[in-house]
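This report concerns only the one structure given below.
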Amino acid sequence: QLELVESGGGLVQPGGSLRLSCAASGFTLEGYAVGWFRQAPGKEREGVACISDRGSKTNYGDSVEGRFAISRDNAKNTAYLQVNSLAPEDTAIYYCAADWRPVPGCALQEGRYEFWGQGTQVIVSS
C-alpha cells in the first residue's frame, strides 16, 4: 500500500514551533518532490512549501517564507516541515504530498502531486 503519513501536529501557543513529519511507506520518496499544503477552516487549500527530490531546491508560500523550513532525509524516506513563529492564522490541517519529479525543482501546484497524506492538525491558540 502506497501512502504518506503526517505526524507532529498539535496545539501550540502563538510564537511557538512544531516539527511536522511526512513518512512514505510502500514506495521510496527518492525521485519525488515533496510539498506541504494546508487548509484552514472555510478556506481553500494553499501551498506552504516544497522541496526537490534531492533537497537542492525549495520554494515557500509568501505567508510562511522566513518562518517555515522544509527538509528531507531520503535515507529515512521522510520529509519535514519546521514551523516557527506560529500565529493563529497558521491554524489548519497540514498535508504532505509527493510529485514524481526526478529533476531539481518543485512547484506549489496541487495538480502536480500524485500522492497525498491524510493530514495533521495544527492549532495555534493561547
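The structure displayed is predicted, hence computed values, not measured ones. What you see below is based on every heavy atom in this structure, not just the backbone, and it leaves out hydrogens, waters and symmetry mates.
For the residue pair Ser63 and Arg38, a side-chain donor N or O sits within less than 3.5 Å of a side-chain acceptor on the partner.
The aromatic rings of Phe37 and Tyr113 lie perpendicular to each other, with more than 60° between the two planes, well past the 30° mark. Using a 30° and 60° split on the angle between ring planes, Trp100 and Tyr32 fall in the perpendicular class, above 60°.
Closest approach of Thr58 and Ile51 over heavy atoms only: CG2-CG1, 3.8 Å. Contact record, Arg112 with Gln109: NE-OE1, 2.7 Å, taken as the closest heavy-atom pair. Gly26 approaches Leu2 most closely through the heavy-atom pair O-CD2, 2.7 Å. The minimum heavy-atom distance linking Leu86 with Val12 is given by the pair CD1-CG1, 3.5 Å. Minimum heavy-atom separation, Arg67 to Ala87: NH1-N, 4.3 Å. When all heavy atoms of Ser125 and Leu11 are compared, the pair lying nearest together is CB-CD1, 4.1 Å.
For the pair Asp99 (side chain) and Arg101 (backbone), a donor-acceptor distance under 3.5 Å is absent. Remark: the backbone N or O of Cys96 is paired with a side-chain donor or acceptor of Glu6 at under 3.5 angstrom.
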### Message
The test is side chain to side chain contact (heavy atoms under 4.5 Å, CB included); show your working for Tyr60 and Ile70 and say whether it passes.
### Response
CA-CA 9 Å; Tyr60 293 91; Ile70 190 170; 3.4 Å; yes
Between Val83 and Val64, does the side chain to side chain contact (heavy atoms under 4.5 Å, CB included) criterion hold? Intermediate values first, please. CA-CA 9 Å; Val83 296; Val64 306; over 6 Å; no
Go through Ile93 and Thr120 one step at a time and tell me if the side chain to side chain contact (heavy atoms under 4.5 Å, CB included) criterion holds. CA-CA 5 Å; Ile93 299 175; Thr120 185; over 6 Å; no
**Request:** Go through the steps to decide whether Asn84 and Ser17 satisfy the test side-chain hydrogen bond (donor to acceptor under 3.5 Å, both in side chains), and finish with yes or no.
**Result:** CA-CA 4 Å; Asn84 301 319; Ser17 298; 3.0 Å; yes
Working note: Arg72 + Asp53, criterion salt bridge (charged side-chain N to carboxylate O under 4.0 Å, His left out); need CA distance, chi angles, decisive distance, verdict.
CA-CA 9 Å; Arg72 64 190 296 159; Asp53 69 324; over 6 Å; no
Quiz item: Can you list the steps and then say if Tyr94 with Gln39 is a side chain to side chain contact (heavy atoms under 4.5 Å, CB included)?
Solution: CA-CA 7 Å; Tyr94 284 71; Gln39 188 165 21; over 6 Å; no
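Side-chain contact check for Tyr80 versus Cys22: every heavy-atom pair is 4.5 Å or farther apart. In this structure, the side chains of Val122 and Leu18 come closer than 4.5 Å at one or more pairs of heavy atoms.
In this structure, Arg45 is positioned above the aromatic face of Tyr95, its NZ or CZ under 6.0 Å from the six-membered ring centre and within 45° of the axis.
Both Val34 and Phe115 belong to a single network of hydrophobic side chains, linked directly or stepwise wherever heavy atoms of I, L, V, M, F, W or Y lie under 4.5 Å apart.
A distance of 13.5 Å separates CD of Gln118 from OG of Ser7, quoted to the nearest 0.5 Å.
A side chain to side chain contact (heavy atoms under 4.5 Å, CB included) with Leu29 is found for one member of Leu4, Thr78, Asp73 and no other, namely Leu4.
Shown here is Gln121, whose CD atom has more than 12 heavy atoms of other residues, nucleotides or ligands within 6.0 Å.
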